[in-house]
Amino acid sequence: MQPLFVYNTLSRQKELFKPVHEGRVGMYVCGPTVYGDGHLGHARPAITFDVLYRYLMHIGYKVRYVRNITDVGHLEHDADEGEDKIAKKARLEQLEPMEVAQYYTNRYHAAMDKLNVLRPSIEPLASGHIIEQIELVKKIIEKGYAYVSNGSVYFNLRKYQDDFKAYGRLSGRVIDEMLSTTRDLDGQGEKQETMDFALWKKASPEHIMRWPSPWSDGFPGWHTECTAMGTKYLGETFDIHGGGMDLMFPHHESEIAQQTSVTGHGPCRYWMHNNMITINGKKMGKSLGNFITLDEFFSGSHLDGDGKEMLEQAYSPMTIRFFILQAHYRSTVDFSNEALQAAQKGYERLMQAYHTLGKLRPSKVSSVDVKGYREKCYEAMNDDINTPVVISHLFDAAKLINTVNDHHATFTQSDIDELKSLFDSFVFEIMGLRDEASGDNSALIDGLMQMILDIRATAKSNKDWATSDKIRDALGSLGVTVKDGKDGASWEV
RNA sequence: GGUCGUUUGGCCGAGGGGCUAGGCACAGGUCUGCAAAACCUGCUACUCCGGUUCAAAUCCGGAAGCGACCUCCA
């Protein structure tokens with residue numbers, strides 16, 4: 001088993017990963033709120049934890065990966081009055097709330113499939129676990145860490161903090177100070193302290209998403225679903241909880257509080273957070289209105305607020321995936337056309353090298369050392385999933401492949417096999433890249449292309465440039481590039 | 001205002017006391033009827049100011065820029 005080190009937000013350092021149950025991993029990642037199309041920012045946690053999921057399986061773990069769908073809706077920050085995102089969208093579009101949720105869930109799945117993000121083991125819906133959330137709230141009340149106020153239930157943060165002193169540990173916040181400075185208990189509405197957060201919220205008459213509960217017809221607070229569903233499917237203590245950095249506070253902090261108030265400890269051993277994607281240096285997000293949806297990337301059309309086209313071209317799903325993997329998950333990545341185009345070129349270079357590898361003829365002796373790449377790639381992955389370094393090693397391997405192809409070095413068959421296996425493992429299986437160029441009827445196309453290139457070779461040997469150029473141009477207009485080399489012509493789409 | 005993080009070459013982006021990151025772009029060369037690809041060569045950077053050290057982009061202190069989260073609000 002590879003020694004995997006991951007950065008634990010809780011301890012602020014890299015720790016050797018050791019699962020609760022040997023050989024098995026329970027992983028929970030905060031999924032999307034389905035009230036709008038997924039954008040580039042959604043792709044980051046999905047891809048980051050997809051690679052972690054793939055890697056854990058690759059090194060031999062049996063993984064249960066839970067990623068929720070929030071279809072109950074968090075309240076809109078700037079909503080008029082206590083209306084949640086999904087309910088608002090539904091009202092505006094004259095739809096059932098669940099119709100909205102289903103529509104965007106389908107769209108999310110389609111986009112993730114294109115990005116080659118594996119479906120999690122369990123993808124629970126918040127709306128399907130209202131009972132579990134009510135049970136959770138009951139337990140918190142029983143333990144004395146919540147109070148009922150006018151049909152709503154709030155978490156008693158001060159009592160929790162007095163007993164556990166844990167709130168703020170994850171996000172590095174000093175909550176005690178904040179608590180002691182917010183003293184005016186009057187005029188705060190239903191809450192005893194402004195810091196208290198809702199576990200159950202009574203629905204206003206116009207609020208259309210609602211469920212019965214012991215306290216009121218209403219809906220669960222926005223941190224309860226992850227606690228309830230995480231516990232249900234992964235147990236009271238599981239291994240990894242992931243999500244975007246923006247969820248660290250208050251969402252994950254509150255999850256810890258809820259879970260700790262019931263069991264005396266937090267939900268998991270390792271907290272992992274991916275950083276944000278920025279656009280012109282600013283976080284890409286729904287609330288800022290500066291996001292570009294994934295479908296827009298795939299189609300190459302996005303108009304910004306001023307009606308200006310932001311995308312110079314379409315970017316394929318694998319270009320997006322490669323772009324994200326070329327940065328470490330804990331760094332911010334800034335969107336730009338130039339960076340995306342560089343990613344596309346790099347991705348294509350890697351894929352070309354893989355194709356070239358399949359065509360190489362082995363020599364009796366090897367003039368290079370192919371060993372070591374695999375070990376270096378494992379080393380990088382074990383060092384907190386350092387995909388950019390993995391990629392750099394793979395580029396080194398790609399260069400070597402091209403060198404051999406140009407007859408400046410030689411491979412034995414075992415060298416070729418080793419490199420093929422290296423690419424299969426790290427490029428395709430672990431990093432989840434897909435070869436977009438290779439189609440299904442590739443055998444037929446290969447045959448046709450070979451024939452066409454033979455004709456062209458004949459024309460060329462007769463110095464019939466008109467014919468050879470015509471073939472090349474015609475193929476070019478179909479998107480097929482002809483590349484003349486020393487050993488004859490090859491082609492690519 | 002608070003907390004945390006970040007600042008690397010034309011661009012993206014790793015690393016993190018002495019040793020080449022890698023990719024993209026660009027320039028020259030090899031190959032080629034031309035072009036493209038590939039290969040070779042070049043471009044060699046760490047915000048600023050102090051300090052520690054034989055040695056700092058890397059550690060310490062300070063400044064500035066940028067960002068995230070928070071403070072209002074569920």
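Each chain gets a letter, A, B and so on, in the order its sequence line appears, and its residues count up from 1.
- In terms of the side chain to side chain contact (heavy atoms under 4.5 Å, CB included) criterion, residue partners of N275(A) (sequence neighbours excluded) are, by chain and number, R44(A), M245(A), T332(A).
- Ion pairing of D396(A) with K376(A) is absent here, as no side-chain N (NZ or NE/NH1/NH2) approaches a carboxylate O to less than 4.0 Å.
- Taking atom P in both U3(B) and G42(B), one finds a spacing of 49 Å when rounded to whole Å.
- Look at NZ on K14(A): it is 12 Å from P on A14(B), rounded to the nearest Å.
- Rounding to whole angstrom units, CD1 of residue I391(A) and P of A14(B) are separated by 10 Å.
- In this model, the phosphate group of G5(B) is not approached by any side-chain N or O of N275(A) to a distance below 4.0 Å at OP1 or OP2.
- The environment of K470(A) atom NZ is sparse: at most 12 non-hydrogen atoms of other residues, nucleotides or ligands sit within 6.0 angstrom.
- Base contact: V482(A) has a heavy atom under 4.0 Å from a base atom.
- If you take CZ of R472(A) and C1' of U32(B), they are 11 Å apart, rounded to a whole angstrom.
- If you measure from atom NE2 of H328(A) to atom C1' of G5(B), you get 15 Å, rounded to the nearest angstrom.
- The C1' atoms of U7(B) and A45(B) are separated by 13 Å, rounded to the nearest whole Å.
- Counting atom types as modelled, D484(A) pairs a side-chain N or O with a base atom of C34(B) as donor and acceptor under 3.5 Å.
- The side chain of N386(A) contributes no N or O atom lying less than 4.0 Å from OP1 or OP2 of A14(B).
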Pairwise N/O distances under 3.5 Å, protein to nucleotides 23-30 of chain B:
residue, atom, partner, partner atom, Å
A25(B), OP1, K345(A), NZ, 2.3

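- Side-chain N/O atoms of S331(A) include one lying less than 4.0 angstrom from OP1 or OP2 on A14(B).
- Contacts of G168(A) with the nucleic acid, taken as non-hydrogen atoms under 4.0 Å apart, are absent.
- No side-chain heavy atom of Y329(A) sits under 4.5 Å from any side-chain heavy atom of V51(A).
- Within 4.0 Å (heavy atoms only), K282(A) reaches sugar-phosphate atoms of the nucleic acid but no base atom.
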>> Show me the dot-bracket string of RNA chain B, counting Watson-Crick or G-U pairs under 3.5 Å, with | for pairs to another strand and [ ] for crossing ones.
In response: (((((((..(((.....[...))).(((((.......)))))....(((((..]....))))))))))))....
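- Comparing the C1' positions of U30(B) and A64(B) gives a spacing of 49 Å, expressed to the nearest Å.
- Put simply, CD1 on I277(A) is 14 Å from C1' on G13(B), counting in whole angstrom units.
- Regarding M351(A), its CE atom lies at a distance of 17 Å from the C1' atom of A37(B), rounded to whole Å.
- When the P atom of C4(B) is taken as reference, atom CG of L247(A) falls 21 Å away, rounded to whole Å.
- Between G29(B) and C19(B), the two C1' atoms lie 29 Å apart (nearest whole Å).
- Put simply, the side chain of R158(A) never gets that close to the backbone of E193(A): no donor and acceptor are under 3.5 Å apart.
- A side-chain donor-acceptor contact under 3.5 Å links R54(A) to the backbone of E429(A).
- Aromatic ring centres of F335(A) and F297(A): separated by under 6.0 Å.
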